[in-house]
Amino acid sequence: MTERARLTDSFLEIVTRRNAGQDEFLQAVRDVAEDVITVEKNNPKWAQAKVLERLTEPDRLIRFRVTWMDEAGVMQINRGWRVQMSNAIGPYKGGLRFHPGVNPSVLKFLAFEQVFKNALTGLPLGGAKGGSDFDPRGRSDAEIMRFCHAFMAELSRYIGPDVDVPAGDINVGTREIGWLFGAYKQSAGAFHGALTGKGEAFGGSAMRVEATGYGLIYFVQAMLAHAGRMLEGQRVAISGKGNVATHAAEKVICEGGTVVALSDTAGTLLAEDGLSQEAVHWVQARKAAGEDIAGPPRRLGLSFVEAALPWGAAEYDIALPCATQNEVDAAAAKQITDSGAILLAEGANMPLQAGALAHLRDSGINYAPGKASNAGGVAISGLEMSQNAHRRFASAAEIDAELKTLMQDIHQRILDEEGGGTRIDYARGANVAAYRRVADALSAMGAV
Ligand code: NDP
């Protein structure tokens, strides 16, 4: 057993004891610990500060009841949470997710990842995540609005522009952020940017909606350029049909690539010759209407395969999992490498199961972890915070240019960490570069 494996195992024993049964959280911690444990051991200041152990214990985990009334006048009760993981380098920052699968383990994994992702952006942002087990599927607009107001009535006492600044995530888009912000503003008695992802009419940044998907493609372009390739002419398979997936698809098409698949929980849309922008907009409209992607109109030239994954599409060069955590198992990862894909970049957070990640890392495919490749959303949220503070707003073209630069800078930070060369371990580079930044801050502050 190597020194690294021994140190990782004994560290994970402590974390597992404290977080028994929280599988998603333990999976995310293992991924990072394997890469940074010896970095910490070899730096006496960081080892003495027990940086990694502190980063795996949230600053606080807030849980509250959300009570709201449905259309039939029946009282409904949900759980809400906010995990404030670390504010070592800036105010807590991270999205809100409304989904029946939300629980403390999922939110702790997301908050932990967010600490590293936010550090990689180079912006002064700490890490957090929150949400509720509320399922918006089948709920009317009025019910979702009432739920958002009730959720914020509780959450508002724990957030603020210099304290904790939530944004959206699964099932929390611009519309929900509007309802959440309205309730926040009422309860705070002040208009300030305690949420990002707001509508542009009330303090939102241009390009926030597109930022994660577009940023993902800018990051992929940086990876391809480093490998001496271009996106133009490449075939791309994408999972998901939400904000990240469809904006990534939009950008691929703009840049001359071919999107051969998009998917949801009902199945996969395939397009041998590529989806058109019209087809992507049709998918976005279905998502907005709360409908699945079965039965596309004939004019779009798509075929829908029920219960299929996008990774079975014929011939593609790039795989972009953009749906949800652990969506890719080892068999799907094998399908991806068998297809001849040369690159996989994560749009979703931790979309690969442990077995899938091991397979991909062994296969030699060019692999980018979400904490690097999907950081565009939070980066533009960071710019939204500065625009709110200065009360000056930038144009879409300016923000898009900044987004591109931010993603290229993240790519460069990883290259610098890995010492250049042609074979880059993006996962290790991202984990270590982010760790160094947070560790420097935490170890400078003493026992807090
Ligand atoms: P959305 O709510 O916009 O969309 C998610 C979509 O994924 C849903 O429509 C859902 O389909 C689909 N989906 C869920 N599970 C599966 C599955 N197993 N296979 C295929 N499709 C599935 O979410 P986002 O696009 O905002 O987020 C997607 C991922 O990206 C998440 O992991 C999120 O944490 C991450 N992310 C998002 C950011 C953002 O700015 N929005 C920023 C960084 C990361 P259905 O409708 O059938 O349920």
Side-chain angles (χ1 to χ4, degrees), residues 24 28 93-102 106-107 109-111 113-114 116-118 120-121 127 129-131 135-138 166-177 196-197 205 207-216 219 237-250 261-269 283-294 304-312 320-329 332 345-353 356 369-382 384 403 407:
E24 294 85 357
K93 180 92 199 85
L96 296 171
R97 176 179 292 191
F98 294 164
H99 192 276
V102 165
V106 168
L107 294 178
F109 116 65
L110 289 163
E113 286 283 296
Q114 198 81 47
F116 289 81
K117 180 188 308 192
N118 294 1
L120 267 182
T121 63
K129 202 80 186 191
D135 186 357
R137 207 182 293 209
D169 189 70
I170 292 178
N171 290 328
V172 180
T174 311
R175 182 184 69 159
E176 288 74 18
I177 292 289
T196 60
S205 173
M207 300 296 296
R208 174 59 187 90
V209 176
E210 297 85 351
T212 307
Y214 283 21
L216 171 65
F219 193 86
I238 303 177
S239 66
K241 64 144 191 250
N243 174 288
V244 181
T246 58
H247 289 106
E250 229 173 71
L262 277 175
S263 69
D264 68 5
T265 50
T268 287
L269 283 176
V283 171
Q284 286 169 335
R286 295 289 284 222
K287 164 77 178 158
E291 289 166 6
D292 65 34
I293 51 175
F304 174 76
V305 189
E306 201 180 328
L309 298 177
W311 319 124
L320 303 176
C322 295
T324 192
Q325 71 268 6
N326 286 328
E327 57 170 299
V328 180
D329 62 14
E346 297 179 345
N349 288 310
M350 204 172 73
L352 306 179
Q353 294 182 14
K371 59 173 76 73
S373 48
N374 74 25
V378 76
I380 299 309
S381 276
E384 182 172 334
L403 174 63
M407 298 313 293

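We count ligands from 1, going down the list as the structure has it; atoms in each ligand are counted the same way. Keep in mind that the numbers below use all heavy atoms, side chains included, and drop hydrogens, waters and symmetry copies. In this text the structure is predicted, and so the values were computed from the model without any measurement.
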Engineer: What's the verdict on side-chain contact (heavy atoms from CB on, under 4.5 Å) for H247 and T212, showing C-alpha distance, side-chain angles and the deciding distance?
Structural biologist: CA-CA 8 Å; H247 289 106; T212 307; over 6 Å; no
Engineer: With rounding to the nearest 0.5 Å, note down the distance linking CZ in R286 to CD1 in I293.
Structural biologist: 9.0 Å
Engineer: Test I380 against E384 for side-chain contact (heavy atoms from CB on, under 4.5 Å), laying out the working first.
Structural biologist: CA-CA 6 Å; I380 299 309; E384 182 172 334; 5.7 Å; no
Engineer: Which pairs of nitrogen or oxygen atoms, taken one from ligand 1 and one from the protein, are under 3.5 angstrom apart?
Structural biologist:
residue  : atom   : partner : partner atom : Å
ligand 1 : 2 (O)  : N171    : N            : 3.1
ligand 1 : 2 (O)  : K287    : NZ           : 3.2
ligand 1 : 3 (O)  : N243    : N            : 2.9
ligand 1 : 9 (O)  : K287    : NZ           : 3.3
ligand 1 : 25 (O) : N243    : N            : 3.1
ligand 1 : 25 (O) : V244    : N            : 3.0
ligand 1 : 32 (O) : N349    : N            : 3.2
ligand 1 : 34 (O) : R97     : NH2          : 2.9
ligand 1 : 34 (O) : D169    : OD1          : 2.7
ligand 1 : 34 (O) : D169    : OD2          : 3.4
ligand 1 : 34 (O) : N349    : ND2          : 2.9
ligand 1 : 40 (O) : R208    : NH1          : 3.4
ligand 1 : 40 (O) : R208    : NH2          : 3.3
ligand 1 : 40 (O) : T212    : OG1          : 2.7
ligand 1 : 46 (O) : K241    : NZ           : 2.9
ligand 1 : 47 (O) : T265    : N            : 3.1
ligand 1 : 47 (O) : T265    : OG1          : 2.4
ligand 1 : 48 (O) : R137    : NH2          : 2.9

Engineer: Under a 3.5 Å cutoff, is there a donor and acceptor pairing between the side chains of N349 and K371?
Structural biologist: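 Side-chain D/A pair, N349 to K371: absent.
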Engineer: Do T246 and Q284 meet the criterion of a side-chain donor-acceptor pair at a distance under 3.5 Å?
Structural biologist: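 Distance-only check passes for T246 and Q284.
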Engineer: Do R208 and S381 pass the side chain to side chain donor-acceptor pair (under 3.5 Å) test, and can you show the C-alpha distance, the side-chain angles, and the key distance before you say yes or no?
Structural biologist: CA-CA 7 Å; R208 174 59 187 90; S381 276; 2.9 Å; yes
